[in-house]
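Read the numbers this way: they start at 1 and go in the same order the structure lists the ligands and their atoms.
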Amino acid sequence: MVQLQKPQWVYFAGKIRPWDEAVLHVSCEAVTRGLNVFEGLKGYWQEDGVNFGIVAMPRHFARLQRSARLLHIPCPVNYEQFEAACHDLIRALYEPSRDMWVRATLYVIEGHWGEGTVADLVLTAYHTPKTAPAPIDIGVSTWQRASDVTVPPRVKTSTNYQVARLARIEGRKRGYSEMILLNQWGRVAEGTGSCVMMVRDGKVVTPPASEGALESITTQIISDICESLGIEVIRRPIDRTELYIAEEICLAGTLAEIVPVQNIDDYALPAESPIFKKVSAKFWDVVRGVEKHPAVDLSMIDRAPQGLPDMGRVR
Ligand code: PMP
């Protein structure tokens with residue numbers, strides 16, 4: 001069985017605390033209604049092996065604020081506090097052999113039906129391998145992405161992942177580690193934790209957010225990289241059957257990174273994936289600081305001495 005990592009430290013109630021101290025009361029809306037908004041941020045060791053950079057932090061914070069605004073959740077921190085908290089936690093946990101993924105969640109800890117709402121910023125961070133993802137087999141789920149008038153996909157809230165979980169359970173039974181969700185019109189929305197990009201006629205195609213995809217930061221990064229490589233990117237709806245005849249498919253997301261798809265619903269894709277291979281190579285160089293690119297900004301962690309975090313700091 002897959003076990004979630006249990007790192008030593010979390011950021012909770014304004015400071016770095018031991019993992020076991022991060023608990024919510026059973027009566028709060030975060031528990032009773034699954035009320036939260038969150039972000040996943042990825043941090044990479046730079047090629048010098050000394051510096052560590054977190055990708056697109058201002059964009060993640062801006063999306064967290066948009067999600068919070070849509071669900072009437074006041075954001076308790078400003079950008080500087082958010083960045084400092086992420087840095088503190090990573091500095092407490094990072095180790096040279098692995099990169100890190102940070103989950104930043106605003107949990108609603110006080111309030112009722114939208115009155116008196118108070119949220120707390122909670123950060124958990126996990127170690128991730130430094131290796132690039134291997135090609136995978138995927139399927140199209142029978143479950144459907146919610147629409148903008150049900151649970152808006154644009155809002156990054158845990159509630160939106162109920163259907164993703166169902167799709168993953170369905171996928172496991174069919175031998176797939178990841179699944180594609182269609183939208184209410186039967187067209188491609190996204191993966192369970194990533195966006196879908198495909199190549200047709202040598203052009204990269206990905207659905208717009210209005211098709212039921214998250215407003216993805218990674219697809220924006222990939223689009224910008226493509227543009228600099230002279231590869232055209234089109235945002236348009238994608239039919240299910242287009243996936244079966246695509247020249248290339250990849251899944252794109254902060255945690256997923258760029259995952260090549262080799263088979264979908266038992267339709268094998270061409271063995272070579274030249275466009276996404278080229279884009280991936282550039283992506284890795286940019287996130288690891290081998291080269292600079294306007295598509296990616298990195299929030300660099302101060303190289304303060306490692307050791308126990310500052311347990312006394314309360315924000
Ligand atoms: N869709 C879903 C449902 C996701 O969870 C993610 C990961 N955040 C994405 C798409 C990709 O978004 P991003 O590139 O901003 O990580």
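Each of the following atoms of ligand 1 lies closer than 4.0 Å to a heavy atom of C195: 10 (C). The ligand atoms of ligand 1 that sit less than 4.0 angstrom from a heavy atom of T192 are 3 (C). Residue contact check: I217 has heavy atoms under 4.0 Å from atoms 13 (P), 14 (O), 15 (O) of ligand 1. Remark: ligand 1 atoms within the under-4.0 Å shell around heavy atoms of L214 are 1 (N), 4 (C), 6 (C), 8 (N), 9 (C), 10 (C), 12 (O).
Applying the 6.0 Å contact sphere to CD of E227 captures no more than 12 heavy atoms from other residues, nucleotides or ligands. Applying the 6.0 Å contact sphere to NZ of K292 captures no more than 12 heavy atoms from other residues, nucleotides or ligands.
Not one N or O of R145 is nearer than 3.5 Å to an N or O of ligand 1, by distance alone. Checking only distances, E215 never comes within under 3.5 Å of ligand 1, N or O to N or O. Not a single N or O atom of G191, backbone or side chain, sits closer than 3.5 Å to an N or O atom of ligand 1.
Annotation: atom 7 (C) of ligand 1 to nearest protein heavy atom, G193 O, 3.4 Å. From the protein, the heavy atom lying nearest to atom 5 (O) of ligand 1 is Y161 OH, 2.5 Å. The protein atom (non-hydrogen) at minimum distance from atom 10 (C) of ligand 1 is E190 OE1, 3.3 Å. The protein heavy-atom contact nearest to atom 14 (O) of ligand 1 is T218 OG1, 2.5 Å. Closest protein heavy atom to atom 16 (O) of ligand 1: T254 OG1, 2.5 Å.
Of all non-hydrogen atoms in S216 and C195, the two that sit nearest each other are CB-SG, 3.5 Å. Closest of all the heavy-atom pairs between A246 and R200 is CA-CG, 4.4 Å. Closest approach of M57 to C86, counting heavy atoms only: CE-CB, 3.7 Å.
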Can V140 and V188 be said to form a side-chain contact (heavy atoms from CB on, under 4.5 Å), step by step? CA-CA 9 Å; V140 175; V188 175; over 6 Å; no

Criterion side-chain contact (heavy atoms from CB on, under 4.5 Å) on F82 and L41, from CA distance to verdict: CA-CA 12 Å; F82 180 79; L41 298 94; 4.1 Å; yes

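Using modelled atom types and a 3.5 Å distance limit, the side chains of H87 and S299 yield a donor-acceptor pair.
The proximity of A213 to ligand 1, defined as any non-hydrogen pair under 4.0 Å, does not occur for either the backbone or the side chain. When heavy-atom distances to ligand 1 are checked against a 4.0 Å cut-off, K156 comes that close only through its side chain, counted from C-beta outward.
Within the cation-pi definition used here (under 6.0 Å to the ring centroid, within 45° of the axis), R103 does not qualify as a partner of Y126. Cation-pi geometry between R33 and W113 is met: the NZ or CZ atom falls under 6.0 Å from the ring centre, inside 45° of the normal.
Assignment of Q220 to the shell around ligand 1 is not supported, since no heavy atom sits closer than 4.0 Å.
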